[in-house]
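Notes follow the structure.
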Amino acid sequence: MIMTAAAAPAVLGVGVALLFTQDLVVVGAVGASLALVSAALSLTPPVTAARIRHLRRRCPKED
């Protein structure tokens with residue numbers, strides 16, 4: 001859930017920009033700027049911790 005929410009601004013931003021304008025340059029600019037926001041959110045400690053927990057559950061370490 002946390003990892004999905006971190007990616008949401010880029011995906012939703014492009015859709016919302018398309019609703020308001022049909023200009024692809026504006027849509028691209030909005031999408032690119034919100035992709036940067038998504039990248040910044042995905043590097044925050046809570047999202048990183050959630051990603052590590054997910055990987056540990058998915059691939060348990062064998063001793």
Side-chain angles (χ1 to χ4, degrees):
M1 176 80 173
I2 292 174
M3 294 182 297
T4 305
V11 175
L12 295 175
V14 171
V16 170
L18 278 172
L19 287 175
F20 287 112
T21 182
Q22 298 296 320
D23 186 8
L24 292 180
V25 174
V26 173
V27 171
V30 169
S33 62
L34 289 175
L36 289 175
V37 170
S38 292
L41 285 175
S42 70
L43 295 175
T44 59
V47 177
T48 303
R51 187 177 297 122
I52 290 171
R53 281 192 310 272
H54 175 72
L55 287 174
R56 284 188 180 148
R57 266 184 266 156
R58 198 167 164 210
C59 306
K61 187 195 268 186
E62 296 181 18
D63 290 330

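With sequence neighbours excluded, the residues satisfying side-chain contact (heavy atoms from CB on, under 4.5 Å) with Val37 are Pro9, Leu34, Leu41.
Using a 4.5 Å cut-off between side-chain heavy atoms of Ile, Leu, Val, Met, Phe, Trp and Tyr, Val16 falls into a hydrophobic cluster with Phe20. Grouped by direct or indirect side-chain proximity (heavy atoms under 4.5 Å, Ile/Leu/Val/Met/Phe/Trp/Tyr only), Leu18 sits with Val14, Val27.
Atom CZ of Arg53 and atom OG1 of Thr48 lie 10.5 Å apart (nearest 0.5 Å).
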